[in-house]
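A quick write-up on the structure given underneath.
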2 protein chains.
Amino acid sequence: MEGCYPPGMRSYGQYCAVAKALDVVGDRWTLLIVRELLLRGGCRYTDLQHGLPGIATNLLSQRLKELEEQGLVRRDAVPPPVATTLYDLTDAGRELEPVLRALGGWGVRFMPDPTGNEVFRSHWLAFPVSQFLQDGEPDGPPATIEVRTADQPVVIEVGGGEITSYLGTAPSPDLVLEGDPPMVLGVLSSMLKLADARQLGLRTEGSTTVLRRLRFRVPT
Amino acid sequence: MEGCYPPGMRSYGQYCAVAKALDVVGDRWTLLIVRELLLRGGCRYTDLQHGLPGIATNLLSQRLKELEEQGLVRRDAVPPPVATTLYDLTDAGRELEPVLRALGGWGVRFMPDPTGNEVFRSHWLAFPVSQFLQDGEPDGPPATIEVRTADQPVVIEVGGGEITSYLGTAPSPDLVLEGDPPMVLGVLSSMLKLADARQLGLRTEGSTTVLRRLRFRVPT
DNA sequence: CGGCATCCTCTTTGATACTG
DNA sequence: CAGTATCAAAGAGGATGCCG
């Protein structure tokens, strides 16, 4: 039942769009590599390794090769003095974003009960923040939240009805949240009350009133 | 890096909604099983085997067990005289439909170039028909197309701006299309001209004017 | 260092055969 | 019909080695 395009390529052999999509991106780690490239844009091999804790290095290199052959990933050689190669998505690869958003939207149901020994990377916040959080007071003044919860600080900007996030620090944030990822997520999504979170070890600096502007909504 | 919920369960160990979703539905065949259950509703083990050509029976039984443990699939015992067990999705499982639609929407790009030795099942048409086809003449009279391309005939009903499909035969269809799946898909999506398709072996009965009402559109 | 390739072990998959 | 049992082959995970 192997369509067997190149030898070693395993296909479901079904004339169905879902099966054909899974032929290309259904292998283990593949969609997470796409997630990394979507969130980071062009980046180096080592950056990918950092964003994919647990992946074996040979597997990452193999997947990148396959993705390049399938036309989802492009490999750009950056000339000296940088002298490295950057990996980035092609248009076809970038068009997987709705798939990742749908998967993430379905997967949020598992976020409230973390196993405790899971890894977290700050830039993973970008998807949920833009997908699930809304500014409940579009006419309110702009406000910034700095989140310190993992490898790098993240800034969340609220204002004019929009919510954006980026890696970095804010010069004078209205609020600083510091604590482990499930707690920070819980507070941002209003699923955890601030008082409870503080009992569990959340540290805050500044005014927490901005949190009341955040509206959590899983798109239907 | 194993979250290791039950022993044998392989997790990415990442506190990320996408990774958590893939922990549950990222294994080989899992999403195709969900596709079958979405398209068929409650059905028997053997029906699933028929809709999943190529799956090993032990793997199907194992996946169903896992899906049941994860709360995506329910197993209903039907009492005699039928005396069988039906598999069906729970609400959580059914909520994967947007994921499958996104995957299918991305995967249609591979449909124009079939490898030739792929399997096709008629009920797989239901997703693409409802997702990609629109009735371009909502004020036109109702019309029916009967498609004979695989294991069972399929009826496509066009009318009032809506397009629906179901397995079965129409008493007096306006048009009958008979040929292999890529050709029928090509004609339905207007990617293949009727004259060309006929040269390639497409057989038709009745009036083909209804085809001009069908609008193919990949949702953005 | 960054960017892999190799080697080895362990797990998962696939094909087939068999059972209540 | 609805699975379980068995076994070979493929793939994943981990450690380490190589090379500019």
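From a predicted model like this one, the values you see are computed outputs, not experimental measurements. Reminder, nothing fancy here: chain letters follow the sequence lines and each chain counts from 1.
- Comparing D:dG11, C:dG3, D:dC1 by their nearest atom to the side chain of B:Thr84 picks out D:dC1.
- With axes fitted over five pairs at each extremity, the angle between the ends of the helix from C:dC1-D:dG20 to C:dG20-D:dC1 is 30° (10° resolution).
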Full working for side-chain contact (heavy atoms from CB on, under 4.5 Å) between B:Glu157 and B:Ile163: CA-CA 6 Å; B:Glu157 291 191 333; B:Ile163 299 198; over 6 Å; no
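- D:dA2 atom P lies 8 Å from atom OH of B:Tyr87, rounded to whole Å.
- Residues passing the salt bridge (charged side-chain N to carboxylate O under 4.0 Å, His left out) test with A:Glu162: none are found, sequence neighbours excluded.
- Put simply, A:Lys65 has no side-chain N or O that comes within less than 4.0 Å of OP1 or OP2 on C:dG3.
- For B:Arg75, the side-chain atoms get nearest to D:dG3 when compared with the rest of D:dT4, D:dC1, D:dG3.
- Between the CG atom of A:Leu52 and the C1' atom of D:dA12 there is a distance of 15 Å, rounded to whole Å.
- Residue pairs meeting the side chain to side chain donor-acceptor pair (under 3.5 Å) criterion with at least one partner in residues 75-87 of chain B, sequence neighbours excluded, are B:Glu68-B:Arg75, B:Arg75-B:Tyr87.
- Checked against side-chain contact (heavy atoms from CB on, under 4.5 Å), B:Ala21 has the following partners two or more places apart in sequence or in another chain: A:Leu103, A:Trp106.
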N/O donor-acceptor pairs under 3.5 Å from side chains in residues 40-57 of chain B, not counting sequence neighbours:
| from | atom 1 | to | atom 2 | distance (Å) |
| --- | --- | --- | --- | --- |
| B:Arg40 | NE | B:Glu36 | OE1 | 2.8 |
| B:Arg40 | NH2 | B:Asp47 | O | 3.2 |
| B:Arg40 | NH2 | B:His50 | ND1 | 3.3 |
| B:Arg44 | NE | B:Asp47 | OD2 | 3.4 |
| B:Arg44 | NH2 | B:Asp47 | OD1 | 3.4 |
| B:Tyr45 | OH | B:Thr57 | O | 2.7 |
| B:Tyr45 | OH | B:Thr57 | OG1 | 2.8 |
| B:Asp47 | OD2 | B:Arg44 | N | 3.0 |
| B:His50 | NE2 | B:Asp151 | OD2 | 3.4 |

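- Residues from residues 55-64 of chain B placing a heavy atom under 4.0 Å of any atom in DNA chain C, listed by number, are B:Ala56, B:Thr57, B:Asn58, B:Leu59, B:Arg63.
- A search for side-chain hydrogen bond (donor to acceptor under 3.5 Å, both in side chains) contacts involving B:Thr169 returns nothing, not counting sequence neighbours.
- The CG atom of A:Asp47 sits 13 Å away from the P atom of C:dC4 (whole-angstrom rounding).
- In this structure, the CG atom of A:Leu22 is 14 Å from the P atom of C:dT13, given to the nearest Å.
- With rounding to whole Å, B:Asp76 atom CG is found 16 Å from D:dA2 atom C1'.
- Whole-Å rounding puts the B:Ile33 CD1 to D:dG3 C1' distance at 14 Å.
- Each of C:dG2, C:dC4, D:dT4 was ranked by its minimum atom distance to the side chain of A:Tyr45; first place goes to C:dC4.
- Rounding to the nearest 0.5 angstrom, the gap separating the CG atom in B:Leu67 from the CD atom in B:Gln62 is 10.5 Å.
- For C:dT12, neither phosphate oxygen OP1 nor OP2 lies less than 4.0 angstrom from any side-chain nitrogen or oxygen of B:Trp29.
- Between A:Arg28 and D:dG13 there is a side-chain N or O to OP1 or OP2 distance below 4.0 Å.
- Legend: residues meeting side-chain hydrogen bond (donor to acceptor under 3.5 Å, both in side chains) with B:Arg198, ordered by chain and number and at least two apart, are B:Thr204.
- Spacing between atom CD of B:Gln49 and atom P of D:dG3 amounts to 9 Å, rounded to whole angstrom units.
- Taking atom CD of B:Glu66 as the reference point, atom C1' of C:dT12 lies 11 Å away to the nearest angstrom.
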Show me the donor-acceptor pairs, under 3.5 Å and distance only, between side chains in residues 177-190 of chain B and residues at least two apart or in other chains.
| from | atom 1 | to | atom 2 | distance (Å) |
| --- | --- | --- | --- | --- |
| B:Asp180 | OD1 | B:Met183 | N | 3.4 |
| B:Ser189 | OG | B:Leu185 | O | 2.9 |
| B:Ser189 | OG | B:Gly186 | O | 3.2 |

